[in-house]
Amino acid sequence: MDSSDGSQGMRISERMPDRDFYLDDDVVGISKRLLGMKIVSNTPEGICSGIITETEAYAGETDRASHAFGGRLTQRTEVMYREGGIAYVYLCYGLHSLLNVVTGPAGLPHAVLIRGIYPLEGAGIMAGRLKRSIDVRKDGLGPGKLTRLLGVGKSHNGADLRNPGLLWIEHSGLAITENMVISGPRIGIDYAGEDAMLPYRFLADVVQVEKAIKKAGLV
DNA sequence: AACAAGATTAACT
DNA sequence: GTTAATCTTGTTA
């Protein structure tokens, strides 16, 4: 197997998305393109990473489900208004840190919620955080669960995802095709009225992603 | 200053 | 299917 298919054989500049990747104002398009990319967390315990398998688009000021709906520019949403390519992390229900990718040019508060990953590196560290061994098919599914696995919290709010550092996203070399992806309405946003039925959720099939990962030699 | 709600999860019945 | 856990944020007074 030629390792240039995966990220291992690539130089950093080739692994990282183009500068324009996050600046696209089509947040739904970016949500789909993030599927199959690798998110990496560099913590005191070590490196943890996973392939992104589920995302949701939040379309700025016009989307009733978005924290920035109606132009709400508050202490919490301020990072959403910055230039795309950074993390927006907030605490939900007082318990769970939820991780978003801020997208679009500065002033356009678009964001993509990361709802699921397939754990790749750092399984032992993740198991420690879970206090039990991890099931790679299940334990990365859920926005509050993957942040726990990756050790992501509110200290990651505003982190630069475009360059290796604390938390970043890179190309994995995996090809997630449309036939592996289900789209549908977003989860847990009943308050959003008519916008609750927008098909802004994208879920890649775990089994097919796992197959692609093994074929590419990523594990 | 007070308060209601929340882009969830795990553990119940 | 129901519910508790848990606390920041944004809104209202």
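Note that these values count all heavy atoms, side chains included, but never hydrogens, waters or copies made by symmetry. Residue numbers begin at 1 in each chain, while the letters A, B, ... track the order of the sequences.
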Here the distance between atom C1' of C:dT9 and atom OH of A:Y191, to the nearest Å, is 13 Å
Should the pair A:R162 and A:F21 be classed as cation-pi, given the thresholds of under 6.0 Å to the six-membered ring centre and 45° from the axis? no
Specify the separation, in whole Å, of atom CG of A:N157 and atom P of C:dT9. 9 Å
If you write DNA chain C from 5' to 3' in dot-bracket form, with Watson-Crick or G-U pairs under 3.5 Å, [ ] for crossing pairs and | for pairs with another strand, what do you get? |||||.||||||.
Euclidean distance, atom CG of residue A:L141 to atom C1' of B:dT9 [Å, nearest integer]: 13 Å
Could you state the CZ-C1' distance from A:R64 to B:dA5, rounded to the nearest angstrom? 16 Å
For A:R72 and C:dG10, is the shortest distance between a side-chain N/O and OP1 or OP2 below 4.0 Å? no
Note, A:L198 side chain near A:R64 side chain (heavy atom, < 4.5 Å): no
Heavy atoms of other groups near A:Y200 OH, more than 12 under 6.0 Å: no
Check: residues 174-185 of chain A side-chain donor-acceptor pairs under 3.5 Å, at least two apart:
| from | atom 1 | to | atom 2 | distance (Å) |
| --- | --- | --- | --- | --- |
| A:T177 | OG1 | A:N179 | OD1 | 2.9 |

Counting just side-chain N and O atoms, does A:H67 come under 4.0 Å of either OP1 or OP2 of C:dT9? no
So, do A:E45 and A:R129 sit near enough that their side-chain heavy atoms are less than 4.5 Å apart? yes
Test of understanding: clusters of I, L, V, M, F, W, Y form through side-chain heavy atoms closer than 4.5 Å, transitively. Do A:V79 and A:L34 belong to the same one? no
Mind checking A:R76 for me? I need base, sugar-phosphate or nothing, with any heavy atom below 4.0 Å counting as a touch. sugar-phosphate
Separation of A:E54 atom CD from B:dT8 atom P, in whole Å? 10 Å
Presence of A:R115 side-chain N/O under 4.0 Å of B:dT8 phosphate oxygens OP1/OP2: yes
Taking the side chain of A:L91 as heavy atoms from C-beta outward, which of B:dT8, C:dC7, C:dG10 is closest to it? C:dC7
Here the distance between atom C1' of C:dT9 and atom CG of A:L73, to the nearest Å, is 14 Å
Rounded to the nearest 0.5 Å, what separates atom CD in A:E54 from atom CG in A:L141? 7.0 Å
Does A:K154 reach a base, just sugar-phosphate, or nothing at all? Heavy atoms under 4.0 Å. nothing
How about A:L98 and A:T147: do any of their side-chain heavy atoms sit closer than 4.5 Å? no
Is it true that A:D139 and A:R132 have a side-chain N and a carboxylate O under 4.0 angstrom from each other? yes
Tell me the interatomic distance from A:L146, atom CG, to B:dT8, atom P, rounded to whole angstroms. 12 Å
Round to the nearest Å and state the distance from A:R186 atom CZ to B:dG6 atom P. 15 Å
Interface residues of residues 92-114 of chain A with DNA chain C (non-hydrogen, below 4.0 angstrom): A:Y93, A:G94, A:L95
